[in-house]
Amino acid sequence: MGYDPSHTNFLKVYVGMPTMIPKLKTIMEDGITLPGLTDENGGAVRGSTTFQPFECNVPYVLRYMIDRDVTGAGWLSLPKGTYKLRKSENEKGTHCQIEADICYNEIIPRKPEGEWSKVAPLRILSFDIECQGRKGYFPEAEQDPVIQIANSLSVYGRNTGPIVQNVFTLKGCLPIVGAQVISSETEQDMLLKWRQFLHASDADILTGYNVQNFDIPYLLDRAEAIWGKKDPKLRTFTQWGRVKNAQTKKRETMFSSSAYGRRNNTETTIEGRVIFDMLPYMQRNHKLSSYSLNSVCAEFLNQQKEDVHHSIISDLQNGTDADRHRLAVYCIKDALLPQRLMDKLSVLINYVEMARVTGVPVSFLISRGQQIKVFSMILRKCRDENLLVPTLKKSGANNDDGYEGATVLDPIKSYYEVPIATLDFASLYPSIMQAYNLCYSTMISAKDATKIDPTKYKKSENGHTFVHSHVKKGILPTILEELLSARKRAKKDMKNAPNDFEKSVQNGRQLALKVSANSVYGFTGAGVGQLPCLPIASSVTSYGRFLLEKTKAYVEEHYTQANGYEHNAQVVYGDTDSVMVKFGTTTVADTFPLAIEAAEKCSAIFPDPILLEFEKVYYPYLLMNKKRYAGLMWTQKDKYDYMDTKGLETVRRDNCALVRDVIQTSLDKIIIERDVPGAIDYVKSQIADLLQNKMDISQLVITKI
DNA sequence: ATGATCGCCTAA
DNA sequence: TTAGTTAGGCGATCAT
Ligand SMILES: Nc1ccn([C@H]2C[C@H](O)[C@@H](COP(=O)(O)OP(=O)(O)OP(=O)(O)O)O2)c(=O)n1
């Protein structure tokens with residue numbers, strides 16, 4: 001399917017969902033407004049109340065075909081309404097801008113399941129460049145030219161592998177089996193030929209490994225260096241997109257979040273093509289000790305790549321056609337691998353789902369964080385319900401001292417050689433928000449509460465008041481319903497996965513949706529954010545603390561000898577939403593029925609959809625400290641699943657290999673073989689070896705970023 | 001010597 | 001319009 005560039009030009013839409021809000025809709029009887037959405041709670045009411053409706057031209061709406069045809073996100077279409085227009089003057093004339101929150105997410109009807117890839121056969125171009133000279137980023141230097149560009153073009157949803165593989169080389173190169181070799185005598189010629197190929201390939205998605213921060217900017221900077229800013233050839237070269245005459249532009253951005261860390265990125269805009277770099281994808285979605293393409297491929301593709309050390313690249317380039325052939329083979333491999341990773345890990349399918357559920361363009365899923373997703377969902381729902389979302393004032397030093405979080409029960413540290421059952425709330429915080437209808441749109445002030453019928457609201461554990469869902473169902477609970485049902489689908493797919501690898505892919509998908517659901521709660525507690533509302537966040541955690549305490553008390557009071565059970569149950573540990581219970585039973589089989597019953601009985605005393613689940617038994621169980629334990633995990637009566645380790649050195653990445661290995665081996669001895677003396681002997685012998693310098697130094701290396 | 005604080009990473 | 005949340009262990013470093 002060809003791409004019609006006219007779609008990328010300006011599209012006429014109404015833009016809405018203003019952030020400058022004259023007055024919030026009053027939805028309660030008795031004239032009570034909902035402070036969660038008014039200026040009372042920090043919302044800024046700015047601007048006048050009367051503005052004319054108008055139309056405007058919005059560029060970039062259809063920038064990405066993947067969002068136009070597949071996710072439906074990326075639209076700015078909003079209902080006709082009254083919005084504020086901000087005018088500014090400059091030498092070119094009057095410039096108009098709408099003061100509006102962009103609703104990214106008009107959902108387009110989805111094609112039947114499984115057919116979308118036929119509807120939009122996305123073309124993926126994976127590429128890699130090779131530079132001569134020093135390792136590093138020196139595009140201006142004479143001696144550091146781009147010497148090769150390898151490409152692999154494939155069509156998503158067709159399991160045919162790459163439909164085109166080629167390599168552009170500077171100077172001659174021997175033919176390569178399965179790939180086209182296009183040689184140039186000058187770097188300029190090579191770059192222009194590559195740019196021509198890019199257009200011919202008409203890729204929807206550009207991928208590679210670290211292309212975002214290296215290959216793409218290097219090509220652009222290099223082009224500028226060899227042609228100079230003024231040369232029309234530079235203008236030609238940088239037209240990579242689908243809009244005629246549009247230059248590819250890059251800019252430096254900074255992104256820092258506690259989850260993803262601090263990152264400096266180069267963001268490049270190519271009209272009509274999404275840059276989807278596999279390196280940041282890997283860093284965000286997989287916890288690894290090394291993110292080199294080599295180790296990632298070893299892990300996920302069971303494939304090693306031949307490495308050409310950068311110090312000999314120059315010699316090879318200056319050598320014969322056969323030498324350059326060796327380089328090219330290596331380069332092609334590097335271009336192919338990211339695309340294969342993408343395929344194997346179902347990256348696009350999973351990200352398209354996430355984009356659809358949350359209503360943000362796919363590109364945001366790599367370049368932005370959780371806030372934009374939640375905000376986008378809020379805007380979407382609010383638009384449906386005719387609610388307005390305020391723009392809060394830039395809150396300088398807002399809520400300095402945070403709020404109280406979850407309880408972690410004091411562990412009774414021990415090595416338990418009896419079964420310990422784990423009872424766990426399913427999606428605790430999201431289900432709390434649903435059960436108690438916690439939302440911006442349902443919160444009322446204490447003063448207002450006195451004015452209405454007490455059957456209509458409930459005070460949370462820490463004193464904030466929310467109306468019941470029969471009065472007004474909250475926005476956030478509705479959003480959570482959707483997220484959790486998406487997660488349920490993912491969990492089902494995980495259960496039905498044909499093999500372990502597919503299972504782990506589905507597990508990643510399921511976990512990503514879980515994090516997004518938990519981020520709805522996190523969003524309300526994010527002091528630096530678009531719409532913080534600490535009363536909601538702290539109510540959620542206070543309910544959580546309450547539920548955990550109740551559960552512990554119920555189990556310990558109910559499962560007693562006085563009530564006719566063989567032993568008194570004891571909660572030995574618990575964290576946020578789980579309790580570890582020693583029922584006093586000695587076999588896994590005896591523990592199951594008790595645990596199942598306990599979970600059911602507890603669930604019954606809590607409102608829907610709060611659900612306490614019996615998930616697993618640990619037997620044996622080594623409880624070291626808060627957030628540090630290990631145990632053999634049983635989800636079925638007859639055989640254990642694997643050893644589950646939490647918080648111990650073996651699952652941390654800030655240790656040297658020796659520490660990890662020694663602890664892993666001793667844990668194996670203690671928990672699987674149940675040989676404590678053996679473990680002690682082993683550790684002693686290892687220490688002796690260490691003190692006598694018998695250890696390999698590589699075992700002691702701590703790798704830091 | 002010893003307790004407070006910081007950096008890092010993880011559990012939830 | 002950059003950035004979900006709190007709790008908490010453990011080793012290193014600082015302040016006394
Ligand atoms: N990244 C996370 C993980 C957890 N939590 C909070 C909200 C969760 O509801 C609660 C319990 O976390 P769990 O890891 O047990 O996960 P859930 O209960 O949400 O899901 P499930 O137990 O169904 O896997 O802790 C959070 O805010 N952010």
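Please read all numbers here as calculations on a predicted model, not as lab measurements. FYI, side chains are in, hydrogens and waters are out, and symmetry mates aren't considered; it's all heavy atoms of this structure. So you know, we letter chains A, B, ... as the sequences are listed, proteins then strands, and number each from 1.
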Excluding sequence neighbours, so at least two apart, what forms side-chain hydrogen bond (donor to acceptor under 3.5 Å, both in side chains) with A/Asp661? none
Residues which pass side-chain hydrogen bond (donor to acceptor under 3.5 Å, both in side chains) with A/Glu267, listed by chain and number, not counting sequence neighbours: A/Arg251
Just checking [X]: base, sugar-phosphate only, or nothing, at a heavy-atom cut-off of under 4.0 Å?
X        : value
A/Ala526 : sugar-phosphate
A/Ser257 : sugar-phosphate
A/Val540 : nothing
A/Tyr629 : sugar-phosphate

Think A/Arg653 has a side-chain N or O under 4.0 angstrom from the OP1 or OP2 of B/dC8? no
Phosphate contact (B/dC9 OP1 or OP2) by A/Lys287 side-chain N/O below 4.0 Å: no
Can you check the [X] [atom1] to [N] [atom2] distance for me, whole Å?
X        : N      : atom1 : atom2 : result
A/Met254 : C/dT2  : CE    : P     : 11 Å
A/Tyr429 : B/dA12 : OH    : C1'   : 8 Å
A/Ile663 : C/dC10 : CD1   : P     : 11 Å
A/Arg262 : B/dC9  : CZ    : C1'   : 18 Å
A/Glu649 : B/dC8  : CD    : C1'   : 13 Å
A/Glu267 : C/dT2  : CD    : C1'   : 10 Å
A/Leu476 : C/dG4  : CG    : C1'   : 13 Å
A/Lys514 : C/dG4  : NZ    : C1'   : 14 Å

Atom pairs, protein N/O to nucleotides 2-5 of chain B N/O, distance under 3.5 Å:
none

Between A/Tyr621 and A/Tyr618, how do the two ring planes meet: parallel, tilted or perpendicular, split at 30° and 60°? parallel
Should the ring pair A/Phe276 and A/Tyr281 be called parallel, tilted or perpendicular, given that the plane angle runs from 0 to 90° and is split at 30 and 60? tilted
Can A/Arg284 be said to sit on top of A/Tyr260's aromatic six-ring, NZ or CZ under 6.0 Å from centre and within 45° of the ring axis? yes
Is there side-chain contact between A/Met377 and A/Ile475, with heavy atoms separated by less than 4.5 Å? no
State whether [X] and [Y] are salt-bridged, where the test is any N-O pair (Lys NZ or Arg NE/NH1/NH2 against Asp/Glu carboxylate O) under 4.0 Å.
X        : Y        : answer
A/Arg509 : A/Glu353 : yes
A/Glu649 : A/Arg628 : yes
A/Glu556 : A/Lys552 : yes

Crowding at CD, A/Glu549 (>12 non-hydrogen neighbours, <6.0 Å): no
Stem segments of DNA chain C by first residue number [Watson-Crick or G-U, under 3.5 Å, at least 3]: B:1-12 with C:5-16
Interface polar pairs with nucleotides 6-9 of chain C, N/O, under 3.5 angstrom:
{"unit_1": "C/dT6", "atom_1": "O3'", "unit_2": "A/Gly405", "atom_2": "N", "d": "2.9"}
{"unit_1": "C/dA7", "atom_1": "OP1", "unit_2": "A/Gly405", "atom_2": "N", "d": "2.9"}
{"unit_1": "C/dG8", "atom_1": "OP1", "unit_2": "A/Lys626", "atom_2": "NZ", "d": "3.1"}
{"unit_1": "C/dG9", "atom_1": "N2", "unit_2": "A/Arg652", "atom_2": "NH2", "d": "3.1"}

Got a sec, which residues hit ring pair (Phe, Tyr, Trp, His ring centres under 6.0 Å) with A/Tyr429, two or more places apart in sequence or on another chain? A/Tyr521
Closest of C/dA3, C/dG4, B/dA12 to the A/Asp575 side chain is B/dA12
Is the centre of the A/Tyr436 ring less than 6.0 Å from the centre of the A/Phe466 ring? no
